[in-house]
Amino acid sequence: MTTRTHLLPVAAVLGLIGGSLGVIAGVVQATAGAHIPEWTGHKADPLALGIVTALFSGLSVFSAARLRATRSPSPACRVAVSVGMLVSGGLCFSTVGALWYLPGTLLLGATALVLTSGYGRETRQVVADNWLRGLLSALGGFELLMAVSVGEPAIVAVGVLGGLTLLVAPWTPGVGLPVILLLIGTLPFAALTWWGLVSPLLAVLALVLGLVILGRPGRHLSPKTLTT
């Protein structure tokens, strides 16, 4: 089996640099985004988007740090680390404008290096086993981004809670708790933003995906995969 493990330290360094720059970009957006809109994307709510960017970037830093600390990461660990960097690397292009060009490029590059570092067949199997879960988590990320753009504090709080809940729901073991998390992550925000089209459609899609996932239980990633 051919592996290119020499790529993993490079990916870890790129991820750490990209995630750290992302945290800085989030802080800049939160504190000065309204004063430099040409750099931060002319966002209506720079404070909330800056906080979200910093949180997602923190996830990337954690993922890259785990990659650096794990001597011989398994295929599942590599996929989990890649997801951690890919989520912020992709989503935050919509949160801080031009400030994300460099961090985002570094994080996406780090993700590509991890996924091409070897164990191709095993990595593809992990992805095949978990792509629906990843898609549901991505919908949680989109709900979070939608929430912070609403403006009304109560709806923002409900949407942020719902988005975070959807992010973790598909990786939660069992049946009862994932169902509860799925309902919390979809229904309240959709009900509060019923006049729009996107959030109700997102809720319906997330519920359908959640039911499909619960109907085909099997091997899936968990937080433990970041340490093995």
Side-chain angles (χ1 to χ4, degrees), residues 12 14-34 36 39-41 43-69 80-108 110-111 114 133-172 181 184-186 188-189 199 202 206 221-223 225-227:
L14 291 179
L16 288 171
I17 296 174
S20 299
L21 290 176
V23 172
I24 294 173
V27 172
V28 171
Q29 175 71 295
T31 57
I36 50 172
W39 284 95
T40 57
K43 303 300 181 181
D45 192 353
L47 175 60
L49 289 172
I51 293 174
V52 168
T53 301
L55 291 175
F56 276 130
S57 298
L59 173 63
S60 292
V61 171
F62 173 76
S63 299
R66 291 312 310 166
L67 179 65
R68 187 176 178 86
V81 166
S82 299
V83 170
M85 294 190 291
L86 180 62
V87 167
S88 60
L91 289 179
C92 291
F93 276 105
S94 65
T95 62
V96 292
L99 289 179
W100 193 252
Y101 292 167
L102 179 57
T105 300
L106 291 174
L107 290 173
L108 294 180
T111 300
V114 174
R133 291 181 173 89
L135 181 57
L136 183 54
S137 288
L139 291 178
F142 283 119
E143 180 175 330
L144 200 156
L145 293 178
M146 289 168 55
V148 298
S149 65
V150 171
E152 297 184 29
I155 299 180
V156 170
V158 171
V160 168
L161 175 62
L164 293 175
T165 302
L166 275 186
L167 280 170
V168 303
W171 313 104
T172 305
L181 294 177
I184 293 174
T186 55
F189 184 66
S199 58
L202 184 147
L221 300 179
S222 71
T225 59
L226 286 174
T227 62

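In what follows, residues are counted from 1 in the order of the sequence shown. As the structure is a computational prediction, the values presented were derived from the model and not from experiment.
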For Val23 and Gly58, which heavy atoms make the closest approach, and how far apart are they?
CG2-N, 4.0 Å

Smallest heavy-atom separation, Ala110 atom then Gly15 atom, equals CB-N, 3.8 Å

How about Leu86 and Leu107: do any of their side-chain heavy atoms sit closer than 4.5 Å?
no

What heavy-atom pair brings Phe189 and Gly159 nearest, and what distance separates the two atoms?
CD1-CA, 3.4 Å

Correct closest heavy-atom pair for Met146 and Leu202 would be SD-CD1, 4.0 Å

If you compare all heavy atoms of Thr111 against all heavy atoms of Met85, which two are closest, and at what distance to 0.1 Å?
OG1-CB, 3.6 Å

Can you tell me if Arg133 uses its side chain to pair, donor with acceptor, with the backbone of Pro170 under 3.5 Å?
yes

Side chain to side chain, Thr53 and Cys92, heavy atoms closer than 4.5 Å
yes

Counting only heavy atoms not in Phe93 (residues, nucleotides, ligands), do more than 12 fall under 6.0 Å from its CZ?
yes

Considering only heavy atoms from C-beta outward, does the side chain of Leu164 approach that of Leu167 to under 4.5 Å?
yes

If every non-hydrogen atom of Gly33 is compared with every non-hydrogen atom of Pro46, which pair is closest and at what distance?
CA-CB, 4.1 Å

Is Leu16 close to Arg68 at the side-chain level, that is, under 4.5 Å between some pair of heavy atoms?
yes

Check whether any side-chain heavy atom of Ser94 sits under 4.5 Å from a side-chain heavy atom of Leu145, and report yes or no.
yes

If you measure from OG on Ser60 to CG on Leu55, what distance do you get to the nearest 0.5 Å?
11.5 Å

Taking the side chain as every heavy atom from C-beta outward, state whether Trp100 and Leu21 have any atom pair closer than 4.5 Å.
no

Is there a side-chain contact between Thr40 and Leu49 (heavy atoms, below 4.5 Å)?
no

